[in-house]
Amino acid sequence: MTAKQPSGDPGAAAGLPGDAPEPGAGAHVVVVGGGITGLAAAWYLIRSHPHLNVTVLEATPTLGGKLAVSDVAGIAVDEGAESFVASRPEALQLAREVGLETELVAPTAFHASVYSRGRVRAMPRGQFMGVPTDLRALAASELISMPGLMRVPLDRTLPATELAEDVSVGDLVAARVGREVVDRMVEPLLGGVYAGRADELSMAATMPALFREMRHERSLLTATRRIAGGGMQAAGARRGIPFRGIVGGVGRVPGAMAAALVGSGVQIRTRTTARALRRVTGGWEVELGPAPSPEMVRADAVVVATPAAPAARLIADVAPAAAMELSEIETASVALITLAFRSVDLQAPLAGSGLLVPPVEGRMVKAVTYLDQKWGWLGEAAQREGVRLLRLSLGRHGEPEVLQRSDEELVALARLDLALLLGIRGIPVDTRVSRWGGALPQYAVGHRRRVERITLGLRDVPTLALAGATYEGVGVAACVATAYEAASRVARGLALQPAASRA
Ligand SMILES: Cc1cc2nc3c(=O)[nH]c(=O)nc-3n(C[C@H](O)[C@H](O)[C@H](O)COP(=O)(O)OP(=O)(O)OC[C@H]3O[C@@H](n4cnc5c(N)ncnc54)[C@H](O)[C@@H]3O)c2cc1C
């Protein structure tokens, strides 16, 4: 499941009419899960091996999983993911390949503030996942207290922190630059990406580059400066803007992908849950549909692109050790509450793209995104409709009760925190509650070793592969990378050669 780049070679997709079909060309590959990972796996399979039969199975009525878009106050707004990182190519390339190149946009505002010590304060420039690199900027932000600030430079004189195989982000950062940096800077950023807690999340899995750097660098400040500088120069992160969105919402990508897949002959079946997976002579049998009247589908290879729990259930009989490891990966649930206010009712000045709220502040809300300031296309639409659009995020690992509240309660909690944090007291003209139960896998300390054990557990089944947010990163780009790797694995398992190399 190591991330690999897609070939991106148009020749690989050409289909090359008249070619002799490769061995195993008519094989049937079933992809379980129609989120971005499953769709990307199917795309890569059909582009590289046009003679394959590929079927995508999706349990719900709609494709896309955590990529979805729906209307708020008559404006299409993402319900889940809203951007891709620009520092790695996979998601951007996929969007281009399915015809959305001209719709890729950088955010118009991307600096978030932090609510800390009773006030909204600018996140100091130069930080990397909340670890500061510019101590002057940190001091000017007043984000942490004076004693907290004085503690930070001790990092340069303290003896090296012994790094075991892995360590929690909270433990390492607190040991080097002090607890306040963890509580007020790292927590809100990790809360945004993983909905997790710094003291539980793995440094090796969530900040791999920085963890590697710390193996031969005593100072966290120095290591972070190096990493942050490199990240900005990485491919695609032009002008230092680290994200891209899509005009009309990232949730448009699944529809564009579905059209491209169907056009390439891939069969897509929604409302179809894969219930069990069995090895049969020469391949696989996938059990679908209701238990009393199951349908059996024959496959030569299977890609499981679901979250960890259904993946564990599916592979329990064929790779029990891997299934056990998967079942131990915990998840966090989040709710996103999108509110539309009449413009006249929201006159409070809001700076940048949004506000992060560290848990230490004791509020329910962990982030507020100023949607119409962050995305130009949303700003134009909101102006046309005479509204302002805010999206609030609630829920962290260990707080499953958040999703048990009614929509009305969640909206009320969001409005209460908006009033307390930003002084916004208007009555919204439209609201939307998006619930994402068990949506974000928690990369606990030791996660990378666990993923290695899962990979090992699949060693003897080369025509079965796993992909998705559970393994190598929760972001869309990382999911797409695992999809390409899973597709390559089963293609190898079927002894297929990429189309271009057969030409
Ligand atoms: C609220 C939120 C905001 C996010 N924001 C961002 C962001 O801005 N940028 C970013 O890069 N990442 C973001 N992420 C993370 C990212 O969106 C996800 O990690 C990624 O979309 C996961 O894709 P996936 O296809 O692996 O899984 P999913 O989207 O979960 O798709 C899996 C699919 O499998 C289906 N399925 C499950 N079991 C079965 C079965 N047995 N049979 C058939 N189908 C089945 C499910 O119905 C689902 O559609 C966000 C995540 C959340 C929750």
Side-chain angles (χ1 to χ4, degrees), residues 110-135 137-152 155 168-203 206-207 210 220 224 228 332-337 350-370 374 390-399 401-402 413-414 416-424 440 442-443 474:
F110 65 97
H111 287 296
S113 306
V114 182
Y115 189 89
S116 183
R117 304 191 304 121
R119 264 188 43 200
V120 175
R121 300 171 192 275
M123 181 62 103
R125 67 171 182 271
Q127 59 75 32
F128 175 78
M129 282 308 275
V131 181
T133 60
D134 182 335
L135 299 192
L138 178 61
S141 74
E142 297 182 352
L143 215 153
I144 62 176
S145 70
M146 189 51 80
L149 186 65
M150 311 266 287
R151 167 66 181 81
V152 176
D155 166 61
S168 80
V169 174
D171 283 349
L172 179 61
V173 177
R176 298 307 312 175
V177 292
R179 188 74 225 171
E180 245 191 287
V181 171
V182 176
D183 288 346
R184 299 194 174 273
M185 298 180 67
V186 175
E187 284 286 15
L189 283 155
L190 285 176
V193 180
Y194 297 93
R197 296 176 191 278
D199 287 342
E200 295 167 359
L201 288 170
S202 152
M203 186 84 194
T206 64
M207 302 190 194
L210 187 51
L220 180 65
T224 308
S333 299
V334 294
L336 297 185
I337 293 104
L350 302 173
S353 60
L355 179 69
L356 302 172
V357 188
V360 72
E361 289 293 330
R363 306 307 322 157
M364 285 292 290
V365 164
K366 61 188 170 97
V368 186
T369 308
Y370 312 148
K374 183 169 182 181
L390 302 181
R391 186 169 96 158
L392 290 85
S393 168
L394 277 74
R396 293 185 177 87
H397 181 226
E399 295 173 0
E401 65 281 2
V402 168
L413 282 168
L416 175 67
D417 276 359
L418 265 189
L420 290 171
L421 300 169
L422 290 162
I424 296 171
L440 288 159
Q442 298 298 293
Y443 290 6
V474 300

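- In this structure, the side chain of Arg396 does not engage the main chain of Arg197 through any donor-acceptor pair within 3.5 Å.
- Residues Ile144 and Val181 meet the side-chain proximity criterion, which asks for heavy atoms closer than 4.5 Å.
- The main-chain N or O of Ala198 is never found under 3.5 Å from a side-chain atom of Glu200 such that the two would form a donor-acceptor pair.
- The shortest non-hydrogen separation linking Leu392 to Ala414 is CD2-O, 3.6 Å.
- Among the candidates Thr206, Leu210, Val182, the single residue satisfying the side-chain contact (heavy atoms from CB on, under 4.5 Å) test with Val169 is Thr206.
- With a 4.5 Å cut-off on side-chain heavy atoms, Val131 and Arg176 do not count as touching.
- Here the side chain of Arg391 pairs no donor or acceptor atom with the backbone of Thr369 at under 3.5 angstrom.
- Between Val365 and Val368 the shortest heavy-atom distance is CG1-CG2, 3.9 Å.
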For this session: Quick one: do Arg179 and Asp199 satisfy salt bridge (charged side-chain N to carboxylate O under 4.0 Å, His left out)? Show the steps, please.
Result: CA-CA 11 Å; Arg179 188 74 225 171; Asp199 287 342; 3.0 Å; yes
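- In terms of heavy-atom proximity, Met185 sits nearest to Pro132 at CE-CB, 4.3 Å.
- Sorted by first and then second residue, the pairs that involve residues 181-203 and meet ring-ring contact (aromatic ring centres under 6.0 Å, His included), not counting sequence neighbours, are Tyr194-Tyr443.
- Taken to the nearest 0.5 Å, the CD atom of Glu187 stands 8.0 Å off from the CG atom of Leu201.
- The structure places OG of Ser113 at 11.0 Å from CZ of Arg121, a figure rounded to the nearest 0.5 Å.
- Atom CD of Gln127 and atom CG of Leu138 lie 10.0 Å apart (nearest 0.5 Å).
- Residues Val186 and Met207 approach most closely at CG1-CE, 4.4 Å, considering heavy atoms.
- Considering only heavy atoms from C-beta on, Leu413 stays 4.5 Å or farther from Ile337 through its side chain.
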For this session: In sequence, state the C-alpha distance, the side-chain angles, and the governing distance for Leu135 and Leu149, and then conclude on side chain to side chain contact (heavy atoms under 4.5 Å, CB included).
Result: CA-CA 8 Å; Leu135 299 192; Leu149 186 65; 5.7 Å; no
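- Atoms CE and OG, on Met150 and Ser145 in that order, are 10.0 Å from each other to the nearest 0.5 Å.
- Residues Pro124 and Asp134 have side chains not in contact (no heavy-atom distance under 4.5 Å, counting atoms from C-beta outward).
- Nearest approach of Ser393 to Leu336, heavy atoms of both residues: CB-CD2, 3.5 Å.
- Across Val120 and Leu421, no two heavy atoms sit closer than the pair CG2-O, 3.9 Å.
- Side-chain contact between Val402 and Met364 is present, with heavy atoms from C-beta onward closer than 4.5 Å.
- To the nearest 0.5 Å, the span separating CG on Leu190 from NZ on Lys366 amounts to 10.5 Å.
- Within the 3.5 Å criterion, the main-chain N or O of Gly126 finds a donor-acceptor partner in the side chain of Thr133.
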Name each donor-acceptor pair under 3.5 Å that joins a side chain in residues 353-362 to protein atoms two or more places apart or in another chain, with its distance.
from, atom 1, to, atom 2, distance (Å)
Ser353, OG, His111, O, 3.4
Glu361, OE2, Arg117, N, 2.8
Glu361, OE2, Arg184, NH1, 2.6

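- Put simply, the side chain of Leu422 reaches to within 4.5 Å of the side chain of Tyr370, judged on heavy atoms.
- Remark: Met123 CE to Ser116 OG distance equals 9.5 Å, nearest 0.5 Å.
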